[in-house]
Amino acid sequence: MPYAPLTPSAILSSLLLFSSAAFLAFAAACDGGDKAALIEIKAAFGNPAGLSSWTSGSPCCSAWSGVECDSTTGRVTSLTVFALNVSARVPPAIANLSALQSLNLAYNRLYGPLPAFLGPPHLPDLSFLRLDGNRLSGRIPATLTVFDLSLVGNRLSGPLPPSFAGATFGDVDLGDNRLTGDASFLFGHKKKLNALNLERNRFEFDLSRVQLPKVMDILKIAHNMIYGRIPAEAAHRKWLQFDVSYNRLCGPIPQSKYIQQFGASHFDHNKCLCGPPLAPCS
Ligand SMILES: *[C@@H]1O[C@H](CO)[C@@H](O)[C@H](O)[C@H]1NC(C)=O
Ligand SMILES: *[C@@H]1O[C@H](CO)[C@@H](O)[C@H](O)[C@H]1NC(C)=O
């Protein structure tokens, strides 16, 4: 008989083996340099009560809230300090967490400029960055080419960096800032951008010239100074969200059931957009 029968106790012991291995892996010692950087970040944040689990005597990968590590290297891969009312600049010690893939500091009171280390080359693996709902100001640095980028609800100003033209983005959320100028270089048939939010800024560019990315299903550009026409190919995207209201657009609205699901409020207050759900084109 080639195989031993799979008894309940054999199943149980293999489960136990598996789970203790998983636990050991999970508890891989936290990288010493990363731990020192986190302690410095906690101090820079004013030692908020929400980070009371961050103590030098406990393992940072398993015991510290908002910290996740690579199970084999013990390097910090994910840091979340969300809605803790932290009032500080973005701490330079974050640049020491060079294996970071995900950084979420949303809904605090962070102020000052966006540091250039929030992206390659300092943080080459960073692919998720959320800083929405803070008070960050100044321009967006050229290095912030992070795949999933949210800077919604800050005080950022000036034009987008030209480096964004060649970057690979999946999700770009820049709403509720004071950004100006051109954003058309974020578009392109072959781009991987599936969600773009530019709402309530001062962007000004010709929408007729953009090629909608094939994967795009969220386009929120309301409350800007965007002109030209809605590209005809908008009729061929399965929109989940679409809002172009309060701009300077003109011409017929491309017609499809995915466009038609949105009411007039998503098209209103433009220069001369026409056709359903707005008034017929004359
Ligand atoms: C961060 O990195 C810099 C440069 O490598 C080093 O001088 C500094 O001591 C590090 N800070 C911490 C808190 O580890
Ligand atoms: C947030 O922090 C500020 C000081 O930075 C303080 O005045 C305010 O009361 C805090 N808010 C909450 C909800 O803790």
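We count ligands from 1, going down the list as the structure has it; atoms in each ligand are counted the same way. Everything numeric in this text was worked out from a predicted model, so none of it was measured.
The ligand atoms of ligand 1 that sit less than 4.0 angstrom from a heavy atom of A36 are 13 (C). The ligand atoms of ligand 1 that sit less than 4.0 angstrom from a heavy atom of A37 are 13 (C).
Using 4.0 Å as the threshold, A93 has no heavy atom nearer than that to any atom of ligand 1.
In this structure, Y246 and H269 have parallel ring planes: the angle between them is below the 30° cut-off, well short of the 60° mark. Aromatic ring pairs are classed by plane angle as parallel below 30°, tilted from 30° to 60° and perpendicular above 60°; the pair F117 and H122 is perpendicular.
Distances from atom 14 (O) of ligand 1 to the protein include at least one heavy-atom value under 4.0 Å. Counting only heavy atoms, the protein gets under 4.0 Å from atom 5 (O) of ligand 2.
Nearest protein heavy-atom neighbour of atom 7 (O) of ligand 2: R109 NH2, 4.7 Å. Of the protein's non-hydrogen atoms, N96 ND2, 1.5 Å is the one closest to atom 1 (C) of ligand 1. Protein heavy atom nearest atom 10 (C) of ligand 2, with residue, atom name and distance: N85 ND2, 2.4 Å.
A salt bridge does not link D70 to R75: none of the charged nitrogens lies less than 4.0 Å from a carboxylate oxygen. Contact check on R200 versus D176 returns a salt bridge, with a Lys/Arg side-chain nitrogen under 4.0 Å from an Asp/Glu carboxylate oxygen.
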(message) Run the disulfide (SG to SG under 2.5 Å) test on C281 and C274 for me, step by step, so that the C-alpha distance in whole Å, both residues' side-chain angles and the decisive distance to 0.1 Å come before the verdict.
(response) CA-CA 5 Å; C281 301; C274 61; 2.0 Å; yes
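As summarised for C69 and C61, their two SG atoms come within a distance smaller than 2.5 angstrom, satisfying the threshold.
When only interatomic distances are considered, the shortest N/O to N/O separation between E40 and ligand 1 does not fall below 3.5 Å.
Between F169 and F164, the ring center distance clears the sub-6.0 Å criterion.
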